[in-house]
Amino acid sequence: LYDVDLEQVTVKPQDQALAGSPASLLSAHTKVEDEFKIKTIQRNDGLQWFELTPKSADSSFEKIMLGLKQKQLNRLEILDSFGQQTDVQFENVQTNPIVSAETFAFTIPKGVDVIDETAKQ
């Protein structure tokens, strides 16, 4: 996790970093119902909506709203613990595309603090 404003990189196992986050919803490694309480929500916008509330008390998110269209993720609304809302709309979604490992290469910038949480296992 690279926080530009804090000039800090935190290194931790991927499953720990993703747990309870919106990114965990897009990973096939976690069952959504293990991380979130799920409730169906009715709206009049043509999407099927679900409200997800993190089960973990230390989550940085209050709730996540998923809008599905024809069983595919179309909208994502995230309300964080500071009351900030992020809205994401998905278009031209490709399921399980082949992506090169180099796409995810990250070089830690010089001068930033590094917190290594991998040794805490």
Side-chain angles (χ1 to χ4, degrees):
L1 175 65
Y2 177 37
D3 189 318
V4 177
D5 294 333
L6 293 178
E7 296 182 346
Q8 175 179 299
V9 170
T10 304
V11 180
K12 62 174 77 174
Q14 181 178 359
D15 59 342
Q16 184 183 34
L18 294 179
S21 76
S24 71
L25 299 172
L26 304 176
S27 115
H29 301 307
T30 305
K31 288 185 177 181
V32 175
E33 58 272 16
D34 290 345
E35 300 287 331
F36 300 91
K37 296 175 191 171
I38 305 169
K39 183 167 78 171
T40 303
I41 302 296
Q42 297 297 319
R43 290 192 183 175
N44 294 326
D45 60 2
L47 300 179
Q48 182 180 14
W49 284 94
F50 298 93
E51 178 181 282
L52 284 66
T53 307
K55 290 182 178 180
S56 173
D58 64 347
S59 175
S60 60
F61 302 93
E62 287 189 26
K63 69 179 177 180
I64 299 168
M65 303 289 289
L66 297 176
L68 304 180
K69 185 173 189 175
Q70 298 174 348
K71 297 185 180 183
Q72 186 142 13
L73 184 60
N74 183 271
R75 297 266 311 273
L76 178 66
E77 298 176 358
I78 305 165
L79 181 64
D80 69 21
S81 56
F82 298 107
Q84 299 289 323
Q85 183 166 318
T86 302
D87 296 333
V88 180
Q89 184 159 346
F90 295 89
E91 295 178 1
N92 302 317
V93 174
Q94 297 178 24
T95 304
N96 298 320
I98 297 173
V99 181
S100 166
E102 290 82 32
T103 302
F104 301 98
F106 176 72
T107 302
I108 297 173
K110 291 182 182 181
V112 302
D113 294 326
V114 177
I115 300 169
D116 188 351
E117 295 185 359
T118 59
K120 295 180 182 180
Q121 297 289 317

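Below, each value reflects all heavy atoms present in this structure, side chains not excepted, and no hydrogens, waters or symmetry copies. All of these numbers come straight from a predicted model, not from anything done at the bench.
- Going from atom CG of Leu6 over to atom CG of Asp113 covers 9.5 Å, rounded to the nearest 0.5 Å.
- Linking Ile, Leu, Val, Met, Phe, Trp and Tyr whenever their side-chain heavy atoms come within less than 4.5 Å puts Val88 and Phe50 in one cluster.
- The two atoms that bring Thr53 and Glu62 nearest to each other are CG2-O, 3.7 Å, heavy atoms only.
- Atom CG of Leu1 is separated from atom CD of Glu117 by 9.5 Å, given to the nearest 0.5 angstrom.
- The distance from the CG atom of Leu76 to the CG atom of Leu66 is 6.0 Å, given to the nearest 0.5 Å.
- In Gln72, the CD atom is crowded: over 12 heavy atoms of neighbouring residues, nucleotides or ligands sit closer than 6.0 Å.
- Val9 and Val4 fall within a single hydrophobic cluster, where Ile, Leu, Val, Met, Phe, Trp and Tyr are joined by side-chain heavy atoms under 4.5 Å apart, directly or via other members.
- Atom NZ of Lys39 is surrounded by 12 or fewer heavy atoms from other residues, nucleotides or ligands within 6.0 Å.
- Note on Trp49: it does not cluster hydrophobically with Ile64, by side-chain heavy-atom contacts below 4.5 Å among ILVMFWY residues.
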(request) Take Val114 and Val11 through the test side chain to side chain contact (heavy atoms under 4.5 Å, CB included) and record every step on the way to the result. (result) CA-CA 7 Å; Val114 177; Val11 180; 4.2 Å; yes

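- Distance CG/Asp116 to NZ/Lys12: 11.5 Å, rounded to 0.5 Å.
- Here NZ of Lys55 is found 7.5 Å from CD of Glu33. Values are rounded to the nearest 0.5 Å.
- Linking Ile, Leu, Val, Met, Phe, Trp and Tyr whenever their side-chain heavy atoms come within less than 4.5 Å leaves Phe36 and Leu79 in two separate clusters.
- When the shell of 6.0 Å around CD of Gln8 is examined, it contains more than 12 heavy atoms from other residues, nucleotides or ligands.
- Glu77 contributes atom CD, which lies 10.5 Å from atom CD of Glu51 (distance to the nearest 0.5 angstrom).
- The number of heavy atoms from other shown groups lying within 6.0 Å of CZ (Phe106) is above 12.
- The environment of Gln89 atom CD is dense: over 12 non-hydrogen atoms of other residues, nucleotides or ligands sit within 6.0 angstrom.
- Contact annotation: the side chain of Asn92 never approaches that of Gln94 to less than 4.5 Å [non-hydrogen atoms, C-beta and beyond].
- Using a 4.5 Å cut-off on side-chain heavy atoms (C-beta onward), Leu68 and Leu47 make no contact.
- Shortest non-hydrogen contact noted between Phe90 and Arg75 is CD1-N, 4.3 Å.
- Considering only heavy atoms from C-beta on, Phe61 comes within 4.5 Å of Asp80 through its side chain.
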